[in-house]
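A short write-up of the structure that comes next.
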Amino acid sequence: MNISRKPLLIIAGPTAVGKTDASILLAQELNGEIVSADSMQVYHGMDIGSAKSTLEQRTAVRHHLIDVVEPDQPYSVGDYLRQARQALDEIVRSKKFPLVVGGTGLYIRALTRGLFQGPPADPQLREEFMQEEASKGPGFLHATLRNLDPEAAVKIHEHDLRRIVRALEVYHLKNRKLSEFHEEHALQNKPYEFTLVFLCRARSDLYARIEERIDRMIASGLENEVRTLLGRGFSPDLVSMQGLGYRHFAGYIQGALSRNEAEALLKRDTKRFAKRQFTWFRREPDAIWIDITGISDAREILQHIKKHPAVKKYIEI
RNA sequence: GCCGAGGUAGCUCAGUUGGCAGAGCAGAGGCCUGAAAAGCCUCGUGUCCGCAGUUCGAUUCUGCGCCUCGGCA
């Protein structure tokens, strides 16, 4: 069997929708292993805030792509793609069932449709670009991009510095336009056959669950987790420390926010994040939406997933 | 009970010298190819507390009522 054509079951959904518990039950039923698709759970030591599954759950079902880097190590989609593919091959080779679970849309898109062959991030170069923007005035980088790669400049808003810098970075490192890379790649190659399930709930239901989950995170020691990370010398400026919960509690610990503000902002920002996840997956043409509004029991959630025709074929193996 | 202040968008409030009302926040929609839990864009009609009066016209003025918040009892 061609390993690269092994079908994949992907369970996605916004934060706090109920992916984790249900997918662990499913993995147990199928004798499978879970490949996480979560940009925060890759960080070692960030457990409570990133809502990792428990140690018991991870003992019961083998997990991949969790705790793969320290919070101060750079990590990005490219790293994720390589590691996730490797993990999937390994799972298939060991005759287990691969189950991808997570809410990071970009990671899932990379896994299902690949990534263009661009250069990895170059932090120093990025810093130089940012300095230039600062010294030559706002709009300078976008104007530069308009000259070098007009097609890309049209698509990237002039305030979206992060993407402007990336486009310039690609041009400088490869001497080729980002827009050319994109045209070539076009997100069309699908290395795996897959079924992508997006679990969803009514906004009011999801938002209530988000608040409850954050209350639970706080009760189980989120503040201490953040204090420990800061105590180990991890800067609040790190990408990992910009994650939901981490940046809020770092702000509180450092005195920029009151405890109540930190909590309220964390809840607000998590809801906003969930909204962006909806937007992302709405545009994902292959996503099969399964509404589990009002259902909180993991076994019941699993039943809903399993009875969907697109998922059934996996279960009947 | 008396005195004062106020009742305008989900919340906090601004405003209309009388001509069908507008900010912040919350919220909603969208973008996204190596920072993606990040970053970026767009979006404001609501019995202007109720009833009556004055007026061509009232959310705005007048009267009465209801409610809220202070202070005094």
Side-chain angles (χ1 to χ4, degrees), chain A residues 12-16 36-43 46 48-52 69 71-84 102-123 125-127 129-130 141-142 152 154-167 169-170 173-174 177-189 203-204 206-207 210 213-214 217 222 237-250 261 264-284:
Chain A
T15 15
S36 159
D38 186 301
S39 65
M40 281 294 136
Q41 297 188 358
V42 297
Y43 295 111
M46 304 183 113
I48 298 172
S50 74
K52 283 176 194 163
V69 285
D72 59 349
Q73 290 178 295
Y75 195 84
S76 69
V77 223
D79 303 302
Y80 176 78
L81 225 206
R82 276 185 290 280
Q83 296 182 342
T104 302
L106 181 63
Y107 286 10
I108 291 171
R109 185 172 293 165
L111 203 51
T112 55
R113 294 195 250 161
L115 224 46
F116 78 97
Q117 299 295 310
D122 181 335
L125 184 59
R126 290 182 180 189
E127 185 51 35
F129 282 129
M130 292 308 282
L141 290 181
H142 195 259
V154 168
K155 288 186 186 166
I156 304 172
H157 189 97
E158 53 176 328
H159 293 164
D160 198 349
L161 268 185
R162 203 153 282 191
R163 287 193 174 72
I164 295 169
V165 167
R166 172 58 179 164
E169 177 182 62
V170 169
L173 259 28
K174 291 278 185 178
K177 298 177 189 174
L178 175 70
S179 56
E180 274 177 38
F181 277 113
H182 282 180
E183 211 178 320
E184 249 172 45
H185 180 74
L187 293 170
Q188 287 313 312
N189 50 334
R203 227 42 92 79
S204 54
L206 216 220
Y207 287 0
I210 285 172
R213 187 162 82 172
I214 289 171
M217 282 180 180
L222 179 57
D237 298 330
L238 289 168
V239 170
S240 57
M241 291 294 276
Q242 293 303 306
L244 293 167
Y246 298 98
R247 71 164 184 268
H248 301 92
F249 271 81
E261 282 169 338
L265 289 175
L266 171 55
K267 287 176 177 172
R268 182 197 71 180
D269 292 342
T270 304
K271 291 172 196 170
R272 287 180 175 177
F273 168 54
K275 186 162 84 83
R276 275 181 271 130
Q277 290 177 300
F278 275 100
T279 304
W280 180 282
F281 283 96
R282 244 179 237 134
R283 214 183 56 128
E284 204 53 67

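By convention in this document, chain letters (A, B, ...) are assigned in the order of the sequence lines, proteins followed by strands, and residues within each chain are numbered from 1. Just so it is clear, the structure is predicted and the values come from calculations on it, not from any experiment.
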query: According to the interplanar angle, ranging from 0 to 90°, do the rings of A:Tyr107 and A:Tyr80 count as parallel (below 30°), tilted (30 to 60°) or perpendicular (above 60°)?
result: parallel
Inter-residue atom distance A:His157.NE2 - A:Arg163.CZ, 0.5 Å rounding: 12.5 Å
field: Interatomic distance, A:Met40 atom CE to A:Met241 atom CE [nearest 0.5 angstrom]
entry: 10.5 Å
- prompt: Taking atom C1' of B:A36 as reference, at what distance in whole Å does atom CG of A:Leu111 sit?
  reply: 15 Å
message: Any strand counts, and the cut-off is 3.5 Å on both contacts for Watson-Crick or G-U wobble. Which nucleotide pairs with B:C20?
response: none
- prompt: How about A:Lys271: does its NZ atom have over 12 heavy atoms from other parts shown lying under 6.0 Å from it?
  reply: yes
query: Which base sits across from B:C25 as a Watson-Crick or G-U pair, both distances under 3.5 Å?
result: B:G10
For nucleotides 40-43 of chain B, tabulate all protein N/O to nucleotide N/O atom pairs closer than 3.5 Å, reporting atom names and distance.
unit_1	atom_1	unit_2	atom_2	d
B:C41	OP1	A:His159	ND1	2.8

field: Residues forming a side chain to side chain donor-acceptor pair (under 3.5 Å) with A:Tyr246, sequence neighbours excluded
entry: A:Glu225
- request: Kindly say if A:Arg126 contacts the phosphate of B:A35, meaning a side-chain N or O under 4.0 Å from OP1 or OP2.
  value: yes
Sort me out a list of protein N/O and nucleotides 24-28 of chain B N/O pairs below 3.5 Å, or just none if empty.
unit_1	atom_1	unit_2	atom_2	d
B:A26	OP1	A:Arg268	NE	3.3
B:A26	OP1	A:Arg268	NH1	2.2
B:A26	OP1	A:Arg272	NH2	2.7
B:A26	OP2	A:Arg272	NH2	2.8
B:A28	OP1	A:Arg203	NH1	3.2
B:A28	OP1	A:Tyr207	OH	2.8
B:A28	OP2	A:Tyr207	OH	3.4
B:A28	N7	A:Lys275	NZ	3.4

task: Identify the nucleotide, in any strand shown, that forms a Watson-Crick or G-U wobble pair with B:G44, with both distances under 3.5 Å; if there is none, say none.
output: none
field: Rounded distance (Å) that lies between atom C1' of B:A35 and atom CG of A:Leu106
entry: 10 Å
Under-4.0 Å side-chain N/O to phosphate OP1/OP2 contact, A:Arg109 with B:A36: no
message: Mind checking if A:Tyr80 touches a base, just sugar-phosphate, or nothing, with heavy atoms under 4.0 Å?
response: nothing
- prompt: When you check the glycosidic angle of B:G34, does it come out syn, meaning within 90° of 0, or anti?
  reply: syn
- prompt: Is A:Asp269 touching bases, backbone alone, or none of the nucleic acid, heavy atoms closer than 4.0 Å?
  reply: nothing
query: What is the distance from atom CZ of A:Arg276 to atom CG of A:Asp269, rounded to the nearest 0.5 Å?
result: 8.0 Å
message: Can you check the distance between B:C49 and B:U8, where both ends of the measurement are the P atom (answer in whole Å)?
response: 6 Å
task: Look at the side-chain N and O atoms of A:Tyr107 and state whether any lies under 4.0 Å from the OP1 or OP2 oxygen of B:A36.
output: yes
field: Which residues share a side-chain contact (heavy atoms from CB on, under 4.5 Å) with A:Glu261, sequence neighbours left out
entry: A:Leu257, A:Ser258
- prompt: Would you say A:Arg166 reaches B:G34's phosphate, i.e. side-chain N/O to OP1/OP2 under 4.0 Å?
  reply: yes
- request: State whether the side chain of A:His248 and the backbone N or O of A:Gly245 hold a donor-acceptor pair below 3.5 Å, judged by distance alone.
  value: yes
- request: Check the distance between B:U33's P and A:Leu115's CG and give it to me in whole angstrom.
  value: 10 Å
query: Taking NE2 from A:His142 and P from B:G39, how many angstroms apart are they, rounded to a whole number?
result: 19 Å
query: B:U12 and B:C64: how far apart are their P atoms, nearest whole angstrom?
result: 28 Å
task: Nearest whole angstrom, please: distance from the C1' of B:A38 to the OH of A:Tyr75.
output: 16 Å
task: Scan every strand shown for a Watson-Crick or G-U wobble partner of B:G70, both distances under 3.5 Å, and answer none if you come up empty.
output: B:C3
query: What distance do A:Tyr207 atom OH and A:Lys267 atom NZ have between them, rounded to the nearest 0.5 Å?
result: 14.5 Å
message: Base, sugar-phosphate or nothing for A:Gly245? Non-hydrogen atoms, less than 4.0 Å.
response: nothing
message: Need one value for A:Ser240: base, sugar-phosphate or nothing, where a base atom within 4.0 Å counts as base even if backbone is also close, heavy atoms only.
response: nothing
message: What is the separation between atom NE2 on A:His182 and atom P on B:C31, rounded to the nearest whole Å?
response: 16 Å
query: Which base, if any, makes a Watson-Crick or G-U wobble pair with B:C51, both distances under 3.5 Å?
result: B:G63
- request: Taking salt bridge (charged side-chain N to carboxylate O under 4.0 Å, His left out) as the test, write out the residues that go with A:Glu158, two or more places apart.
  value: none
query: Taking only residues two or more places apart in sequence or in another chain, which ones pass side-chain contact (heavy atoms from CB on, under 4.5 Å) with A:Thr270?
result: A:Thr15, A:Ile210, A:Ile214, A:Leu244, A:Leu266
message: Could you tell me how far B:U47 sits from B:A36 if I compare only their P atoms? Round to whole Å.
response: 43 Å
- prompt: Say you pick atom P in B:C51 and the same atom in B:C40; how far apart are they, in whole Å?
  reply: 47 Å
